[in-house]
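Each ligand, and each atom within it, is numbered from 1 in the order the structure gives.
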Amino acid sequence: MGDHVITLNAGSSSIKFALFDADGGEWPKMVATGQVEGIGVSPEFEVKRSVDKQKTKRSFSGDDAPKNHAEALEIIIGWLNESFPNVHIGAIGHRVVHGGPVYTEPVRIDPGVLAHLEAFSPLAPLHQPHNLAGIAAAGKAFPGIPQVACFDTAFHRTQPFVNDTFGIPLEFYEQGVRRYGFHGLSYEYITERLRKRDPQAVSRAVVLHLGNGASMCAIKDGQAVSSTMSFSPLDGLPMGTRCGQIDAAVLFYLIQQKGMSVEQVSDLLYKKSGLKGMSGISSDMRDLEASEKLPARQAIDYFVTRIRRELGALMAVTGGVESIVFTGGIGANSQLVRERVLDGFAWAGIVIDSGANARRGEEVISAIGSAVRVYVMQTDEEAMIARHTIAAARLSTSRFQKA
Ligand code: ADP
């Protein structure tokens, strides 16, 4: 077997990983994927090998339970060594939520880069420290192996100033209060796929990444020009548990008039809002689609309405579109949401084929006469990280150099 890379996505209580064969051609080939969840609480390890789809699950009790990211990574490495004894790890790629205003592309991690990434922690206090814990754990487990940071923000750094700022004094922009945008690895992957399929399609496009986290991105000439998420992944569309766009004065009201603490407001807006908070039922679109209850319908109505509004806005940014792409768990799977989002958009040249929209696995769902092509695509952030990691490591080591 040739050289391989590991991708890591470290969250507050989980580490997701994937193992890729670096010689997989245009896109590295995934060999296995899995995660340790519930770190520090009730950890569970689950992995799937790509070749035979064989799944392994393991829960822990007592002393063998991983208490932190480093111990969770040890479990992952132990399994990898056992399952793939001949694999050489050439590099490790990390999903890092925030690259600040600095990083416009992935970067090989060194002490200087690490200092920058630590300095960005206040910009993403719920995510960045965990990403850094993953980097530290991997550094210990794989000393001397190149590590590469791939950012959720980097793809959006091509946004023009007007789509990158808020209407507050510019000194705050200089200090880093910007519309960074997130889901960048997903948008980059989709843009690459779209470009490959039809180079014209990326000249003006809107991509809808609708999952637990949801955002939309306008693409012009293959580059990001505007996004619905901004300073944090809280802005824009309502999501599984996040509120999306909200008047900042609501926060003042909750704190000053209702006596809520900053932590309570943060908890409300990040974890108790969106589809879950509005419906009182679930953050999962499948549950809401199956429910007859009024609040479930209202939550879907609001979700769809906000997407439609942003679609109009982003199409105004690009001056019309050649293509629209649905991706993410909801975008790729919910016939209902896609149908409702694009209903009545014929004025903009968008007409979908209901039959194609209803068929699983159909990549083009626009009607034959539609001026705009509408696509449904699976995103693959891990493959994007793996590809970046191989490229960045190739630049700096001989490990992946082709003979
Ligand atoms: P994440 O943002 O955590 O990566 P995903 O992109 O995997 O999440 O999206 C997960 C969401 O996708 C689920 O919460 C669910 O709402 C939605 N989803 C998955 N399958 C379907 C389906 N068949 N119909 C409607 N929604 C679905």
Next on the checklist: With a cutoff of 4.0 Å, is Gly240 in contact with ligand 1, counting heavy atoms of the residue only?
Outcome noted: no
Checklist entry - Using the ring of each side chain (for Trp, its six-membered ring), is His116 parallel, tilted or perpendicular to Phe120, with breaks at 30° and 60°? => result parallel
Next on the checklist: Classify the ring geometry of Trp79 against Phe45: parallel below 30°, tilted from 30° to 60°, perpendicular beyond 60°.
Outcome noted: perpendicular
Can you name the atoms of ligand 1, numbered from 1 with element, that are less than 4.0 Å from a heavy atom of [X]?
| X | answer |
| --- | --- |
| Gly213 | 2 (O) |
| Gly328 | 6 (O) |
| Asn333 | 19 (C), 20 (N), 21 (C), 22 (C), 23 (N), 24 (N) |

Nitrogen or oxygen atoms of [X] and ligand 1 under 3.5 Å apart:
| X | answer |
| --- | --- |
| His209 | no |
| Gly211 | no |
| Met285 | yes |
| Ser334 | no |

Checklist entry - Does the pair Tyr103 and His98 meet the rule for a ring-ring contact (aromatic ring centres under 6.0 Å, His included), with working shown? => result CA-CA 9 Å; Tyr103 294 110; His98 224 300; over 10 Å; no
Quick one: nearest non-hydrogen protein atom to [atom], plus distance?
| atom | answer |
| --- | --- |
| atom 15 (C) of ligand 1 | Asp284 OD1, 3.2 Å |
| atom 18 (N) of ligand 1 | Gly329 O, 3.5 Å |
| atom 8 (O) of ligand 1 | Asn212 N, 3.3 Å |
| atom 17 (C) of ligand 1 | Ile330 CG1, 3.4 Å |

Checklist entry - Where the side chain of Asn212 meets the backbone of Met239, is there a donor-acceptor pair that is under 3.5 Å apart? => result no
Item to check | Any residue meeting side chain to side chain contact (heavy atoms under 4.5 Å, CB included) with Ile255, in chain and number order, not counting sequence neighbours | outcome: Val262, Val265
Checklist entry - Where the closest heavy atom to atom 27 (C) of ligand 1 is concerned, which of Arg286, His183, Glu289 has it? => result Arg286
Checklist outcome for this item: Those residues at least two apart in sequence (or on a different chain) that pass side chain to side chain donor-acceptor pair (under 3.5 Å) with Asp198 are none
Item to check | Arg178 to Tyr173 six-membered ring, cation-pi geometry met (6.0 Å, 45°) | outcome: yes
Next on the checklist: With the threshold set strictly below 4.0 angstrom, can you tell me whether any protein non-hydrogen atom sits that near atom 4 (O) of ligand 1?
Outcome noted: no
Checklist entry - Just by distance, with hydrogens left out, do Asn333 and Arg286 show a side-chain donor and acceptor under 3.5 Å apart? => result no
Next on the checklist: Does this structure show an ion pair linking Glu381 with Arg95, if we count only N-O contacts that are shorter than 4.0 Å?
Outcome noted: yes
